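To keep things clear, I will list the structure first and then write my remarks on it.
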Protein chains: 4
Amino acid sequence: MTAAASTRSPGRPRSVRADEAIIEAVLALLAEGTLEALTMEAVAARAGVGKATIYRRWSGKEALVADALRSLKGPPPVPAGRSVREDLVALLRHGIRKRDQRTARVMSCLVPEVRRSPEHQRLYQSLVEPQREAMRQVLRRGVRSGELRADLDIEVAVAVLNGPQLLQKMLRWHPDLDDDSLPERVVDTVLAGLAAAT
Amino acid sequence: MTAAASTRSPGRPRSVRADEAIIEAVLALLAEGTLEALTMEAVAARAGVGKATIYRRWSGKEALVADALRSLKGPPPVPAGRSVREDLVALLRHGIRKRDQRTARVMSCLVPEVRRSPEHQRLYQSLVEPQREAMRQVLRRGVRSGELRADLDIEVAVAVLNGPQLLQKMLRWHPDLDDDSLPERVVDTVLAGLAAAT
Amino acid sequence: MTAAASTRSPGRPRSVRADEAIIEAVLALLAEGTLEALTMEAVAARAGVGKATIYRRWSGKEALVADALRSLKGPPPVPAGRSVREDLVALLRHGIRKRDQRTARVMSCLVPEVRRSPEHQRLYQSLVEPQREAMRQVLRRGVRSGELRADLDIEVAVAVLNGPQLLQKMLRWHPDLDDDSLPERVVDTVLAGLAAAT
Amino acid sequence: MTAAASTRSPGRPRSVRADEAIIEAVLALLAEGTLEALTMEAVAARAGVGKATIYRRWSGKEALVADALRSLKGPPPVPAGRSVREDLVALLRHGIRKRDQRTARVMSCLVPEVRRSPEHQRLYQSLVEPQREAMRQVLRRGVRSGELRADLDIEVAVAVLNGPQLLQKMLRWHPDLDDDSLPERVVDTVLAGLAAAT
DNA sequence: TACTAAGCGAGACGGTACGTCGCGTCTTCTT
DNA sequence: AAGAAGACGCGACGTACCGTCTCGCTTAGTA
């Protein structure tokens, strides 16, 4: 047994079940309604928990929602496949799968906070960064292998590839994009470019 | 005196100054804080108006914010220029210019609502549609003129072109994109495509 | 119309019915339970009133209870009768009548406060002073008329006469004193004195 | 080792120091503030004790306060002296001495409870009964010795004699009675009676 | 010139949620 | 088994907004 393990604060330890019930309640309520409708009292009631038990763990609604969001962090991003095209499609698909209905709703609730609170911004970055980093590596590998242009603006490419899916998820950008084959359509369009072949 | 002019309810007419003061107060408060911090009482106080005067005109916070947003609708989209590239860059720049600091903040407040309320969704569409329609026409013209590929997926192209800027505005997607030349970078990247020239 | 009458604060005036309902609820709850059991929420609920409506008028439970007590102030003390004995008995009876069941309960709730808060002490004095003053005058008149001893310690006499009844009301001093004829018994005992006639 | 000594529950015995610290804390807090301000948590904190240690001994605040009060029970009432007058004065003085500042505060906290809870009523009786019984015996002895009237209403006399002092202690009845010689004033007034000598 | 009718700022109304604190119980480890 | 510590579900605290409702006053068109 390590020294760290023996360092335990006195008194009754905090209930793990309460933690889980609270986070679960937050996710359920966020998926049902607005961020404004996410009442601390509703969370407590749905979790079968006293309000104090929530405030003992989180400073307020902001921090609570942030942690709920963090709990959605999916499995590690995804290893790469064979061709650049397949890898990109797979990554975008992974984004879709990972961010199911509920997750999309929860994340869209967070957007206004990201613009304001640096903490939420950092949180958001930490959630999407693995996905983006994986995509960067695919792109860099493509450049090295000669599949992609040498002068590729990688950061713009990442944003360009992810844009349509995120816009659609968050803003229902256009009905025409509400389509399972969106990843392929985006990757094909972007890879080939808009310009006519010379 | 025309019939329309005589169709006029009796009693004191509603104050136009109140309308303006209320909308202005909403925008100011939204730019300062969260949507949650936008209380009707704060709006009334800042506008120097009674609460009843607000509720006489709008049914609640939702409708009020929607109208405030509508008031930000910029000038008609923008006529087209010469080449496809220049037109697209101009359109994206227009988007930047039109959506100043305040507008970006206000719009990001709206994102969570768009996912839920069809009314807000329609509102959002009506705000961005002119810009998108202009872009579609530029793209279609490019296809006709042979500048762009014939099999272009127009809707995806629009999303792809707008994505980076919107992500950056709303989510501060990546520091590297916080750049005045973002429109050119995006247009150049997307037009040429990522793939290496054959 | 006087200038004072035209001085009216703007906005909707406070509801008199709310005032009455709140005070009534306080008295009812105090008569039922302890001062500790007198919850502001219970008062609001029983009065059919929002909590804010109470706090708009009173700073807290203390002030509220004080005002409720004040509302019990009975009719002016009582004019005097013929003999000193009859007058004293009548005054003590008046005390009994005026302070019905409910009043006794409410006042006993106040005792601990009187010891501490000068405000409550003043309030208590203002409630019982008329009764005591009436009694003093009866005694002084008795001295002048020769019915009472010339060297009478008036303040002690007043306390002596009122003591038994108050102790019984507040502390259920002794079962034997729970008797309708207590005023007579006290007055007769005190007037004649305990000492055997010489 | 005696049989009595062996009758002993197993495990760690209860700490006597805890008992004392708790009672002491209750008295201190009661003397400082209201009964409402006497929170179990404050008692535990001031006594340096866990809340469970309190609840292991007392069922709640009521019982705890009752026991704290019991702990104030002074020495056995007082043996009688020579004349009736001297004995009564001594008894009243004993009451003053016994009930110091702190005791008066604590007892006044109890008044509202006495009216309601039979348990507190019994408690109160048990605290003051010895004093009253001693006074009754003095009075009875006076009757037998011929010092006092044969038809004396003993219970009323006891209440009459104790009344002023108690009213003054609990309710600050009148400034004029805040006087060290109050016992003499009361006894002299009551013994002689108010009526003028015939 | 008066009358009618609606809008106006102000603010009280019955509610609901806030975040805190104390209740009496429980669960942990230590003595 | 009792101790200190402190988390637990609960419910009251006093505050802030909600959306509605009076108030007395102003501002128009109509009589």
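Keep in mind that this is a model prediction, so the values were computed, not measured. In what follows, every chain begins at residue 1, and chains take the letters A, B, ... in the order their sequences are listed.
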Listed pairs, N/O of protein and of nucleotides 5-7 of chain E, under 3.5 Å:
| residue | atom | partner | partner atom | Å |
| --- | --- | --- | --- | --- |
| dG7(E) | OP1 | Arg14(B) | NE | 3.4 |
| dG7(E) | O4' | Arg12(B) | O | 3.2 |
| dG7(E) | N2 | Arg12(B) | NH1 | 3.0 |
| dG7(E) | N3 | Arg12(B) | NH1 | 3.4 |

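No more than 12 heavy atoms of other residues, nucleotides or ligands sit less than 6.0 Å from atom CZ of Arg17(C).
Within the 4.0 angstrom heavy-atom criterion, only backbone atoms of the sugar-phosphate kind lie near Gly48(C); the bases stay farther away. Ala44(A) comes within 4.0 angstrom of nothing in the nucleic acid, heavy atoms only. Within 4.0 Å of Ala42(D), counting heavy atoms only, lies no atom of the nucleic acid at all.
Taking the side chain of Met40(A) as heavy atoms from C-beta on, and the options dC21(F), dG22(E), dG19(E), the nearest nucleotide is dG19(E).
Between Val16(C) and Ala52(D), it is Val16(C) whose nearest contact on DNA chain E lies nearer the 5' terminus. In terms of position along DNA chain E, the nucleotide closest to Ala18(C) lies nearer the 5' end than the nucleotide closest to the other residue of the pair Leu38(A) and Ala18(C). Projected onto DNA chain F by closest heavy-atom contact, Val49(A) and Tyr55(B) fall at different nucleotides, the more 5' of which corresponds to Val49(A). Looking at which nucleotide of DNA chain F each of Ser59(C) and Ala47(D) is closest to, the 5′-most match is held by Ala47(D).
If you take CZ of Arg17(D) and P of dT31(E), they are 16 Å apart, rounded to a whole angstrom. Ile22(D) places its CD1 atom 14 Å from the P atom of dG24(E), with the value rounded to the nearest Å. Distance CD (Glu36(A)) to P (dC17(F)): 13 Å, rounded to an integer number of Å. Per the geometry, CD belonging to Glu41(A) stands 12 Å off P belonging to dA12(F), to the nearest Å. Atoms CD1 (Ile54(D)) and C1' (dA4(F)) sit 12 Å apart, rounded to a whole Å. Spacing between atom NZ of Lys61(A) and atom C1' of dC17(F) amounts to 13 Å, rounded to whole angstrom units.
You'll find the side chain of Met40(D) reaches within 4.5 Å of the side chain of Leu64(D), heavy atoms only. Using a 4.5 Å heavy-atom threshold, the side chains of Val65(A) and Trp58(A) count as separate.
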Could you go through residues 25-36 of chain A and list every donor-acceptor pair under 3.5 Å that involves a side-chain atom there, pairing it with any protein atom two or more places apart or in another chain?
| residue | atom | partner | partner atom | Å |
| --- | --- | --- | --- | --- |
| Glu32(A) | OE1 | Arg46(A) | NH2 | 3.1 |
| Glu32(A) | OE2 | Arg46(A) | NH2 | 2.9 |
| Glu36(A) | OE1 | Lys61(B) | NZ | 3.2 |

Start with the C-alpha distance between Leu69(B) and Tyr124(B), add both sets of side-chain angles, then the distance that settles side chain to side chain contact (heavy atoms under 4.5 Å, CB included), and finish with yes or no.
CA-CA 9 Å; Leu69(B) 199 61; Tyr124(B) 178 77; 5.8 Å; no
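Between the side chain of Thr39(A) and the main chain of Ala42(A), no donor-acceptor pair closer than 3.5 Å is present.
A salt bridge between Asp19(A) and Arg57(A) is present, with a side-chain N of the basic residue lying under 4.0 Å from a carboxylate O of the acidic one.
Residue Lys51(D) places a side-chain atom within donor-acceptor reach of the base of dG24(E), judged by atom type and a 3.5 Å distance cut-off alone.
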